[in-house]
Amino acid sequence: MIIDGKQIASNLRASLKAQVTDFKKQHNITPSLTVVLVGNDPASDVYVRNKVKQTLEVGMISNEIRLSQQTSESELLTLLDELNTDDSVHGILVQLPLPKAIDEQRVISAINPDKDVDGFHAQNSGRLLNGEPGALVPCTPQGCVILAQSHLGDDLSGKHVVIIGRSNIVGKPVSLLFLQAHCTVTITHSRTANLKDVVKQADIVVAAVGIPKMVKGDWLKPGCVVIDVGINRITNEEGKTALVGDVDFIEAEKVASAITPVPGGVGPMTIACLLKNTLQAAQNQLAH
Ligand code: GUN
C-alpha cells in the first residue's frame with residue numbers, strides 16, 4: 001500500500017482551516033506567518049511560493065520578505081529583531097540554506113523561540129526533549145509520525161522504529177517524537193555497524209540520509225512501514241532528471257505493508273505541519 005501524503009496533508013489543511021476560522025471568531029486575531037528568503041536559490045523560491053500559497057488557503061496572513069544575496073548577517077539580524085517584537089507577526093521562518101557569508105546557527109538563535117515555527121531554536125529542541133505541551137516541533141518529523149499513524153493507527157506503542165540519519169532537522173527530533181509515542185527507537189547513521197541487519201528489525205523505518213535508493217528491499221522486515229524522507233535529484237538511464245527517495249521504492253513496495261512515495265509522501269506534510277505550528281504559535285502568544 002502507498003501512503004498518500006498529498007491527501008493526508010490536504011486533510012490536515014482542511015482541519016486547520018476550520019481551526020483558523022474558530023480562532024478568528026473567538027479572538028478576532030488572524031494567525032500570520034512571515035517567511036524571509038535571502039538570495040535567489042531556485043529550489044528555495046519554489047518552496048517559499050508553496051508556503052505562501054498554502055498559508056493563504058487556510059485563511060492565515062502571509063508576509064513574504066525577499067532580501068538580496070548580498071544581505072549582511074547584521075541586516076538580517078536587525079530585521080529579525082523587528083519581527084520578533086511585532087505583535088502582528090505570530091510565526092517567523094527564515095528559509096534555508098542562507099548565503100555562505102551568513103552564520104545559519106546565529107540566525108536561528110536570533111528568532112524569538114515563541115515565533116520559531118521551524119522549531120529549530122535550541123529552546124524548542126529543549127522543550128521537545130522535555131516533552132513540554134505547546135512546544136514548536138520541527139515540521140518534517142511531525143509529518144513522519146502522522147504518516148506512520150495513518151497506516152498503523154494513533155497508538156504506536158511498542159513499535160520498533162529504526163531511523164537512518166541523525167540530523168538536527170530530521171533524525172534527532174523524529175527520534176524524540178517516536179519515543180514520546182512510546183516506541184522503541186534506534187538511531188542509525190553512516191558509522192553504524194551492520195546497518196542492514198539493524199534496519200531488518202524495524203516495524204517502522206524512517207530513511208533520512210540523502211543517499212538515493214540506499215535502502216533495498218532485502219533490508220526490510222516483511223510488513224514493515226517505510227517513511228522515506230529523502231528528496232534526491234538524479235539523472236536516470238534515459239538522461240532525464242527524476243526525484244527519488246533514500247529507499248529503493250520498486251523493491252521496498254513488494255516487502256513493506258505501506259510506504260511513502262517520493263514525491264507525494266513526506267514533502268507535502270512538511271508545509272501542512274508548518275501551518276499547524278503557525279496556529280500553535282498564535283495560540284501560545286495569546287496565553288502570554
Ligand atoms: N529549506 C528546506 N527545508 C526547509 C525547512 O523546513 N525550513 C526552512 N527554514 N528552510 C528549509
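Start at 1 and go down the list; that is how both ligands and their atoms are numbered.
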| query | Are a donor atom and an acceptor atom from the side chains of Q7 and N11 found within less than 3.5 Å of each other? | reply |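 The criterion, which ignores hydrogens and geometry beyond distance, is satisfied for N11 and Q7.
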
| query | Does the side chain of Q285 come under 3.5 Å of the side chain of K115 through a donor N or O and an acceptor N or O? | reply |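 Q285 vs K115: no donor-acceptor pair found between side chains.
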
| For ligand 1, the portion of L96 having any non-hydrogen atom under 4.0 Å away |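 Near ligand 1, L96 shows its backbone as well as its side chain.
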
| I259-I164 co-clustered via ILVMFWY side chain contacts under 4.5 Å |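 Shared cluster, yes.
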
| said: Give me the residue, atom name and distance of the protein heavy atom closest to atom 11 (C) of ligand 1. | reply: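 For atom 11 (C) of ligand 1, the nearest protein heavy atom is Q95 NE2, 3.4 Å.
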
| request: For atom 5 (C) of ligand 1, find the nearest protein heavy atom and state the residue, atom name and distance (0.1 Å precision). | output: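 Among all protein heavy atoms, the one nearest atom 5 (C) of ligand 1 is D118 OD1, 3.9 Å.
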
| said: Distance under 4.0 Å to a non-hydrogen atom of L93: what atoms of ligand 1 satisfy this? | reply: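 Heavy-atom distances to L93 below 4.0 Å select 9 (N).
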
| Interfacing atoms of ligand 1 (cut-off 4.0 Å, heavy-atom, V94) |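 Per the distance check, 8 (C), 9 (N).
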
| field | Counterpart residues, side chain to side chain donor-acceptor pair (under 3.5 Å), relative to K213 (two or more places apart) | value |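 Residues passing side chain to side chain donor-acceptor pair (under 3.5 Å) with K213: none at all.
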
| task | State whether K200 and D218 are salt-bridged, where the test is any N-O pair (Lys NZ or Arg NE/NH1/NH2 against Asp/Glu carboxylate O) under 4.0 Å. | result |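 Judged by the 4.0 Å cut-off on N to carboxylate O distance, K200 and D218 do not form a salt bridge.
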
